[in-house]
Structure formats: structure tokens, C-alpha cells
Visitor: 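Submitted below is the structure of interest, expressed as C-alpha cells.
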2 protein chains.
Amino acid sequence: MAADGFELSAFLPYRLNRAAEFVALRFAAQYKARYQLTRPEWRTLAALGSTSRPMTATEVGAHSAMHKTKVSRAVAALEKRRWLTRREDAGDRRIEHLELTKTGIRAYGELTELAARYQAELDTLIGPAGMQALAVGLDAVERAIGRFELPPSA
Amino acid sequence: MAADGFELSAFLPYRLNRAAEFVALRFAAQYKARYQLTRPEWRTLAALGSTSRPMTATEVGAHSAMHKTKVSRAVAALEKRRWLTRREDAGDRRIEHLELTKTGIRAYGELTELAARYQAELDTLIGPAGMQALAVGLDAVERAIGRFELPPSA
DNA sequence: AATCGATAGTTACGATTGCAACTAATATGC
DNA sequence: GCATATTAGTTGCAATCGTAACTATCGATT
């Protein structure tokens, strides 16, 4: 109806979500088929694999915009697979430092190969100009996110 | 560990998802609180409200990247609220043309006011350069999506 | 016109999710 | 130093979701 001046096709949450959903689903199909990994599990693995130092569950959640219960369950699943270990903080016993095991690091390495191939495919599909613009735009969003107060259910 | 050259922070599915999640959650909190609308319901309402002609459930799904069962349930919920009506296609009785009722249109109008305000807030937070870059980048993604074969679970 | 395959949409059911409440530990105010 | 608030992480439970199977219809083949 577009009675007022609102244009859904220009509404950022709508556009971002649509793009994210399409792009993520195709990749999810790959790691799901080969590794029986769920999306929260992959994201947790990726967050931990991408830095060389351990992270807490809270950090993983902030890093990948996941609810803490999702993280909690993903961590439990990855631990059961022996892809990560928990280590209690010496000073603060509420905190657990999460670290990938050798097996977990190897899995992360294999997954990132898939990811790199997928990224190359996206580069081709989207083109250098589009990717460049996205990088700039997403950087701006990142900076804005930093100024958000996080919603209760992140 | 970043053993290989892979950089998660540059991986498009990861970046897009993170941005989309943050941006969408804050808006969802608003329409959820005021209208008790779920995300699929809002998206269905938005899809139908944004064009002046009726759409089928399949079109709604393609339009907003939702699984058909999600659309089916959202349609049922909106119908129960009397925000939309179904009309059977004359030539093909499998197809239902979905249309907003007067009440539905009014609700859409109110929601788009919220949306417009939120978009303005985002404009400020992200800045004109960032928004412009995002628009260009997301356009490129849209064109690429057009060349995707849609994944089975869209 | 009977059969086979494809498509639109729904639904049963198991899996996943998020909210709220919980445990356990730390930080803060008095 | 004790009560209270806050934070990290987990879990019970109800709601939501996606897969697969289903109904109903249409199109194509023969």
C-alpha cells in the first residue's frame, strides 16, 4: 500500500536480514552436511578459532551476537565432541576460559577451508565493487553497534 | 588460531549475520512489545503492505527469505487477527491471494511509522557514508541472490 | 482420460529456541 | 562484615522452528 513514504525495500533491518539469511543458509548447508554442526556450534567454534587466546562464553556471545543459552548449549556440545576444553579462572570462579583442543583446531582449519572457498564464490558473485562497499558499510555498522546498549536477548 | 590465512572478521556470512542480528533485534523488541507480533508475522505483514497488489504465500516467502511453514503459520495468525484475508485463485485452486484488510493496512501504517523512526535512528548512528556504502553493497548482494539457486530451506 | 510428476500450502512431530528462574560466585554499599 | 545487587553460566518449560510427510490441485505424457 505504501500509503506513507515508507519504503520497505530500503529498510535496513529488512535488507540486512534478507542478505544475511541467503548468504548464511548456503554455507550452513555445507558444514551441516559434512560435520553435523549446528549454526551456534559453528559460530562458537569460529569465534574460538579466530583468536589465539581463550575466550569466555560471554565473550563468544558478544562476538557472534548469540543468546547466552545458545552459547551454553553449543559449548556443551563442542565439549562433548572434545573440540574444546573449559578452564576455570583462577581469580573468579564464575568464569570459564574456553579453548579449542588439537582436534578442535584441526576441525576449525578444515571448516575455514570451506569458508574460504565460499567467500571466493561470493566474491565472484558479488563483484569487487560490491564487496568493497559492503566492507565499508559493515564497518560503519560495527562502529554503531559499539554504541548500542545491547538488547537483553542478544 | 588463524593458522591459515582465513580471517573470520572478514567472512561475509559472519559479518552480515552479526549486523543483521543486532539491527533486527532492537526493532523486534519494539513491535513485539506494542503489537505482540512475532518476527515472521511482522515480515509477512510488511511484505503484503509494501505492495498494492495481493501476493501468494510463496511470494511472501521468496520476498523475505522465510521458510514456507513459517509463512503458513504467520498467515494463519494474521488471518485470525483479521489483518489479512485469503482469496482463492479462480484459475488455480492451489493458490491463495493474500491481501491486507483495512485493519491490517492501518496496523501496517502504524508499524511503518515505528520503522521509519528506527531507520532515522540508524541513519544517525551509522552515518550517511556508511548507509550509502551499505546500499551499494546490498544491491550487489541482491543481484547475486537472483543468480542463486535458492537453498531448499529458505 | 489415466498416470506421473510438480507445485501450493498445511500439519504432525522431534529438535531447537528463548524466557524466566535458578545456582554459584563476586562486587558494592552501609 | 553483612546484606544486597550483579554477573557467569545452566536448566526447566513453553513456544517456535524445520523436516518430512501429507492433501489437494494442476500440467504434461502417452
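Here the structure is a predicted model, which is why all the values come from computation and not from measurement.
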Visitor: Rounded to the Å, how far apart are R93(A) CZ and dT23(C) C1'?
Guide: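 Taking atom C1' of dT23(C) as the reference, CZ of R93(A) is at 13 Å.
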Visitor: Examine dG9(C): is either OP1 or OP2 under 4.0 Å from a nitrogen or oxygen in the side chain of S72(B)? Give yes or no.
Guide: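 So the side chain of S72(B) is outside the cut-off, no N or O lying under 4.0 Å from OP1 or OP2 of dG9(C).
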Visitor: Hey, which of these two, K32(B) or H97(B), hits DNA chain C nearer its 5' end, going by closest nucleotide?
Guide: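 The residue mapped nearer the 5' terminus is H97(B).
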Visitor: Between V60(A), L48(A), L84(A), which is the residue that forms a side-chain contact (heavy atoms from CB on, under 4.5 Å) with V75(A)?
Guide: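 By the side-chain contact (heavy atoms from CB on, under 4.5 Å) criterion, V75(A) pairs with just one of V60(A), L48(A), L84(A): L84(A).
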Visitor: Using nucleotides 1-8 of chain C, report all nitrogen or oxygen pairs with the protein that are shorter than 3.5 Å.
Guide:
{"unit_1": "dT7(C)", "atom_1": "O2", "unit_2": "R94(B)", "atom_2": "NH1", "d": "2.9"}

Visitor: Has the side chain of Q119(B) got a donor or acceptor atom that lies under 3.5 Å from a matching backbone atom of L12(A)?
Guide: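 At least one qualifying donor-acceptor pair exists.
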Visitor: Rounded to the nearest angstrom, tell me the gap between atom CG in D89(A) and atom P in dA27(C).
Guide: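 Distance, rounded to whole Å: 10 Å.
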Visitor: Closer than 3.5 angstrom, by distance alone: can the side chain of Y118(B) be matched with the main-chain N or O of V23(B) as a donor-acceptor pair?
Guide: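 Checking the backbone N and O of V23(B) against the side chain of Y118(B), a donor-acceptor pair under 3.5 Å is found.
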Visitor: In terms of the angle between their ring planes, are W42(A) and Y108(A) parallel, tilted or perpendicular, with boundaries placed at 30° and 60°?
Guide: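 Correct class here is parallel.
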Visitor: Taking atom C1' of dA15(D) as reference, at what distance in whole Å does atom CD of Q36(B) sit?
Guide: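 Between C1' of dA15(D) and CD of Q36(B): 15 Å.
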Visitor: Does any donor atom in the side chain of E41(A) or Y35(A) lie under 3.5 Å from an acceptor atom in the other side chain?
Guide: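 The criterion, which ignores hydrogens and geometry beyond distance, is not satisfied for Y35(A) and E41(A).
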Visitor: Does CZ belonging to R34(B) count more than 12 external heavy atoms closer than 6.0 Å?
Guide: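 Counting other residues, nucleotides and ligands, CZ of R34(B) stays at 12 neighbours or fewer.
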Visitor: Between S72(B) and K68(B), is there a donor-acceptor pair closer than 3.5 Å when you use the side chain of the first and the backbone of the second?
Guide: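 No, because the side chain of S72(B) does not come within donor-acceptor range (under 3.5 Å) of the backbone of K68(B).
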Visitor: In terms of the nearest nucleotide of DNA chain C, which residue is placed more toward the 5' end: V71(B) or G91(A)?
Guide: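 Nearer the 5' end of the strand: V71(B).
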Visitor: Roughly how many Å is it from NE2 in H67(A) to C1' in dA8(D), rounded to a whole number?
Guide: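 Taking NE2 of H67(A) and C1' of dA8(D), I get 13 Å after rounding.
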Visitor: Closest to the R73(A) side chain: dT11(C), dT16(C), dG18(C)?
Guide: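 Shortest atom-to-atom distance from the side chain points to dG18(C).
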Visitor: Whole angstrom is fine here: how far is it from NZ in K70(B) over to P in dG9(C)?
Guide: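 Those two atoms, NZ and P, are 17 Å apart.
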Visitor: So what does R86(B) hit on the nucleic acid, given a heavy-atom distance under 4.0 Å: a base, only sugar-phosphate, or nothing?
Guide: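 The answer is sugar-phosphate, as R86(B) gets under 4.0 Å only of primed atoms, P, OP1 or OP2.
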Visitor: Expressed in angstrom and rounded to an integer, what is the separation of R39(A) atom CZ from dT19(D) atom P?
Guide: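 So the two atoms are 11 Å apart, to the nearest Å.
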